[in-house]
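The block underneath contains the structure these notes are about, expressed in structure tokens.
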Amino acid sequence: MTVMPADLSGIDVRAEIERLRKERNAVILAHYYQRPELQDLADFVGDSLELSRKAAETDAEVIAFCGVKFMADTAKILSPNKIVVLPDINAGCSLEDSCPPEKFKAFREAHPDHIALTYINCSTEVKALSDIIVTSSSAETILQQIPLDQKIIFGPDRHLGGYLSRKFNREMLLWPGVCIVHEAFSETELLKLRAQHPNAPIAAHPECPPHIVDHADYVGSTSGILQYARTISQDTLIVATEPHIIHQMQLSIPDKTFIGAPGADGNCNCNICPYMALNTLEKLYIALRDLTPRVEIEEPLRLAAKKSLDRMLEMASGTVGKGDLGTR
Ligand code: SF4
């Protein structure tokens with residue numbers, strides 16, 4: 001679907017968003033990878049787990065989700081009675097694209113003794129085929145609650161799955177998906193950058209491949225990296241994840257320097273998520289004005305996907321016991 005540019009000349013887009021936010025009783029949620037201007041006017045900025053919790057808790061009538069489609073879908077799954085709008089409905093994700101539901105279903109059927117532990121970056125259909133959803137900030141907590149003799153399929157991010165597998169010494173069958181953004185970091189350029197800033201630690205997201213993660217002083221989710229930035233004594237941090245997270249770091253810790261890890265061309269432009277970048281202030285305004293593009297999910301599919309998401313929300317809080325993990 002092509003989103004046509006609208007003529008918004010003469011319209012104070014920010015003022016209109018403020019007006020519509022109140023008029024619609026809307027909450028604006030934004031992921032850390034969104035453009036700074038969207039982060040700045042959001043009611044809440046967070047990672048996938050935090051945004052899922054906000055979507056489940058909100059009493060707003062409209063959720064304007066500044067993120068990608070699977071995130072807006074998650075908000076709709078958890079808050080079916082809310083209107084959920086996504087400023088650009090084409091904001092997809094390479095991980096979601098890598099895991100077609102029919103292939104994932106066949107993979108599951110070929111391994112009936114495995115449970116499916118699935119990264120939240122997937123379609124609603126794949127969530128419905130999964131046992132437990134994880135985010136990068138909840139994956140370790142959840143994995144540690146799964147009995148050691150339980151066989152596991154992990155998808156769709158093979159790097160996050162591989163990282164968990166190495167860290168906890170657990171074999172898992174990995175789906176071969178990758179995030180095109182984290183895949184683009186260059187080890188050679190990262191080492192050159194570290195040589196220029198020998199005292200700067202490196203923080204990396206576990207969606208990065210092992211040749212990047214292996215150089216990191218800290219590996220964690222976007223919220224984990226943000227928290228790590230607050231605790232380090234050094235005045236400079238090299239950040240190997242989507243560079244828009246640096247906006248929150250600069251707001252939160254203005255006296256430190258944050259440098260985005262480079263791609264193969266020596267800068268980090270190739271590491272801006274092209275899907276996240278589709279959302280703009282203007283598209284957010286139109287979404288609030290017209291209440292479209294709207295996310296809709298058929299009820300049977302929503303209920304099937306909600307089971308694995310509910311399991312995540314319970315287990316991320318550590319409220320599920322070790323014996324409570326049956327397969328589908
Ligand atoms: S940064 Fe990667 S995982 Fe996140 S939405 Fe973009 S393509 Fe998907």
Side-chain angles (χ1 to χ4, degrees), residues 29-36 38-39 42 45-52 55 65-75 86-100 104 117-127 130 133-139 154-164 174-186 203-209 212-213 219-226 239-249 260-264 268-280 283 293 295 312:
L29 304 180
H31 191 270
Y32 288 127
Y33 295 166
Q34 288 291 283
R35 297 166 185 269
L38 289 171
Q39 295 188 35
V45 184
D47 65 15
S48 295
L49 179 62
E50 293 164 337
L51 294 173
S52 299
F65 209 114
C66 299
V68 294
K69 177 77 167 34
F70 77 80
M71 296 177 178
D73 288 344
T74 301
L86 179 65
D88 192 317
I89 202 71
N90 295 315
C93 171
S94 66
L95 281 169
E96 177 176 350
D97 293 347
S98 77
C99 193
F104 189 71
L117 194 61
T118 307
Y119 194 28
I120 197 166
N121 300 32
C122 63
S123 65
T124 302
E125 288 79 1
V126 168
K127 286 182 178 72
S130 300
I133 299 300
V134 300
T135 62
S136 48
S137 59
S138 62
F154 189 93
D157 185 2
R158 69 185 168 101
H159 293 319
L160 175 59
Y163 170 75
L164 293 167
L174 303 181
W175 187 266
V178 295
C179 161
I180 54 168
V181 172
H182 291 87
E183 185 80 345
F185 291 116
S186 159
H205 194 282
E207 285 176 22
C208 292
I212 298 297
V213 163
V219 181
S221 65
T222 45
S223 53
I225 292 174
L226 191 54
V239 180
T241 190
E242 212 274 3
H244 284 117
I245 179 76
I246 291 174
H247 179 61
Q248 287 301 317
M249 293 176 170
C268 61
N269 288 340
C270 55
N271 298 324
I272 289 175
C273 175
Y275 307 103
M276 292 276 185
L278 288 173
N279 294 324
T280 62
K283 290 176 190 172
V295 173
M312 172 189 78

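Atoms within each ligand, like the ligands themselves, are counted from 1 in listed order.
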Glu207 meets the side-chain hydrogen bond (donor to acceptor under 3.5 Å, both in side chains) criterion, sequence neighbours left out, with Tyr119, His182
task = Applying side chain to side chain donor-acceptor pair (under 3.5 Å), run through Glu242 and His205 and close with a yes or a no.
result = CA-CA 9 Å; Glu242 212 274 3; His205 194 282; over 6 Å; no
Residues at least two apart in sequence or cross-chain that pass ring-ring contact (aromatic ring centres under 6.0 Å, His included) with Phe104, listed by chain then number, are Trp175
When rounded to the nearest 0.5 Å, the distance separating CD1 of Ile133 from OG1 of Thr118 is 5.0 Å
Quiz item: How about Thr135 and Glu50: do any of their side-chain heavy atoms sit closer than 4.5 Å?
Solution: no
Report for atom 2 (Fe) of ligand 1, protein N, O or S closer than 2.8 Å, by chain and number, lists Cys179 SG
Contacts of Tyr33 meeting side-chain hydrogen bond (donor to acceptor under 3.5 Å, both in side chains) (sequence neighbours excluded), chain-then-number -> Thr241
